[in-house]
Every structure is written in C-alpha cells, then in structure tokens.
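Sequence positions, counted from 1, serve as the residue numbers for this chain. Note that these values count all heavy atoms, side chains included, but never hydrogens, waters or copies made by symmetry.
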Amino acid sequence: MTFLPPADLRSQLAALHRESFVWARHCCGGSAGRAEDVLQDAYVKILDGRARFGGRSSFKTWFFSLIRFTALDEWRRATRDGARLASLEDAPESATEPLDTALMRDEKHSDLHTALAILPARQQEALTLVFYHDLSIAEAADIMGVTIGTARTHYERGKKQLRDSLTSKLTLP
C-alpha cells in the first residue's frame, strides 16, 4: 500500500474541501450543521490514522466514500441513542455559500432541483456524484458501495426520469 505524505494529503484535502462539504451535505439530507460534523469526523479519521488512502482508487473517490460511511455511522449512532438528526438545529451558514445552495437559489436551477429531489435516493446519489462532482460511473459505484452495473442502472434510470420530469414541465397545456 502507498500512503500520501502529510503535505500531499493536506493539499488534496484542501483542494476537495468545497466539493466535500457539498457531498457531506447531500449525505446528511441537506443539513449544513450535520455536514460540518461529518466532514470534521472524516478529517479526524484521516489525521489520527483510522482511515488511510491505499491508492486502489482516486483520492477523491476514496474520500467521498469515507464521507458517506462517516455520515451513515453518525446516523446509526444518533438513531441508536434515540436522538433524531432531523430535530437538530443547523449551525449558521459560513460566509461562503455552498455550491448546492447557490444552485437552489438560482431560478434557472429550481426545476432541476425539484425534479432531482423526487428521484429515489440511489438515483439521486448516482446523478449527484456524476454531474455535480464530476466522477465517473465506476467511481460513483465505489462510493455508493454497489457494482458498476447497479450504479449504471441507477444513473440511466435517474437520467430518464429526470428528463421526463423536466420535459413534461416544458410542454405547454
């Protein structure tokens, strides 16, 4: 196994920070406060050696998988303890607006956001990873923890359903 030296690790994490926060927020159901906690926990796992990049995939694919599994662990821990994550208040937004929030505020993207929100969760994940985070379907499959065939199916079905939904909004009554 090859490991990144600390300087390379820091630069890789810094370069991915904004995209990582957007992905963490997606994994946390849109909650900025929970996304901050999950992202911080992922960073801590790397810094204390509990998570190590082994070079079997791209660094981005590995880190997004780490974020996804950290979010799942957080959700399991909260539900096991009887706490409901949905009832937690979000932390105040940072000065820089996350990419997904900026897109939601833009009227041109509101139909796309609405159509994406009605898709099944796996289709949302596949489309979000491929389009918003510029990953291949194979990398998305690694992050989602499914085979490439399954990821491709979710991706294609999501695209079709998204296309149908957006096309129906464009047709005049």
Side-chain angles (χ1 to χ4, degrees), residues 15-39 41-42 56-79 84-94 96-173:
L16 288 174
H17 180 71
R18 183 178 171 121
E19 273 189 271
S20 300
F21 178 75
V22 172
W23 176 243
R25 193 166 180 177
H26 173 81
C27 292
C28 294
S31 170
R34 289 181 301 191
E36 288 172 359
D37 291 343
V38 164
L39 193 55
D41 288 347
R56 291 185 303 258
S57 62
S58 73
F59 183 79
K60 183 177 181 178
T61 301
W62 171 78
F63 188 52
F64 276 35
S65 293
L66 177 64
I67 292 168
R68 181 174 181 268
F69 287 117
T70 302
L72 286 171
D73 289 344
E74 179 69 25
W75 178 80
R76 284 184 196 118
R77 183 176 28 254
T79 55
R84 296 284 175 219
L85 289 178
S87 67
L88 295 176
E89 292 182 7
D90 286 344
E93 293 292 331
S94 62
T96 58
E97 186 175 61
L99 178 63
D100 61 341
T101 303
L103 290 176
M104 287 178 2
R105 291 177 194 228
D106 186 353
E107 289 181 24
K108 293 178 184 176
H109 295 92
S110 64
D111 288 341
L112 176 62
H113 178 70
T114 302
L116 190 60
I118 62 172
L119 294 176
R122 286 297 196 166
Q123 291 176 9
Q124 282 183 32
E125 274 187 335
L127 291 172
T128 299
L129 288 167
V130 172
F131 287 114
Y132 284 125
H133 299 292
D134 199 30
L135 296 171
S136 69
I137 295 175
E139 291 170 324
D142 285 344
I143 292 169
M144 294 168 62
V146 297
T147 65
I148 190 168
T150 301
R152 187 174 287 121
T153 299
H154 289 303
Y155 174 75
E156 292 300 329
R157 287 179 183 168
K159 275 194 331 186
K160 183 184 180 322
Q161 192 171 344
L162 195 60
R163 184 182 312 112
D164 293 347
S165 177
L166 292 174
T167 304
S168 70
K169 288 186 182 241
L170 293 176
T171 57
L172 298 173

Any chance CZ of Arg157 has more than 12 other-residue heavy atoms, nucleotides or ligands included, within less than 6.0 Å?
no
For Ser57, all residues meeting side chain to side chain donor-acceptor pair (under 3.5 Å), sequence neighbours excluded:
none
Ala138: what forms a side-chain contact (heavy atoms from CB on, under 4.5 Å) with it, not counting sequence neighbours?
Ser136, Ile148
Geometric class of the Trp62/Phe59 ring pair [parallel <30°, tilted 30-60°, perpendicular >60°]
tilted
Can you check whether Leu39 reaches Trp23 side chain to side chain, under 4.5 Å on heavy atoms?
no
Sorted by chain and number, sequence neighbours left out, ring-ring contact (aromatic ring centres under 6.0 Å, His included) with Tyr155 holds for Phe131
Return the set of residues passing side-chain contact (heavy atoms from CB on, under 4.5 Å) with Ala151 (not counting sequence neighbours), or none when no residue passes.
Ile137, Ala141, Val146
Show me the pairs that pass salt bridge (Lys or Arg N to Asp or Glu O under 4.0 Å) and involve residues 142-154, at least two apart or across chains.
none
Sequence neighbours excluded, every pair satisfying ring-ring contact (aromatic ring centres under 6.0 Å, His included) that has a member inside residues 134-154:
none
Who passes side chain to side chain donor-acceptor pair (under 3.5 Å) against Thr153, sequence neighbours left out?
none
Run the numbers on Leu129 and Glu139 for side-chain contact (heavy atoms from CB on, under 4.5 Å), then give the verdict.
CA-CA 9 Å; Leu129 288 167; Glu139 291 170 324; over 6 Å; no
Tightest non-hydrogen contact, residues Gln124 and Leu116, listed as CG-O, 3.2 Å
Taking salt bridge (Lys or Arg N to Asp or Glu O under 4.0 Å) as the cut-off, I'd like each qualifying pair that reaches into residues 63-73, sequence neighbours left out, listed once.
Lys45-Asp73, Arg68-Glu125, Asp73-Arg76
Check whether any side-chain heavy atom of Phe21 sits under 4.5 Å from a side-chain heavy atom of Arg18, and report yes or no.
no
Suppose we screen for side chain to side chain donor-acceptor pair (under 3.5 Å). Which residues come up paired with Lys160, at least two apart in sequence or across chains?
Asp164
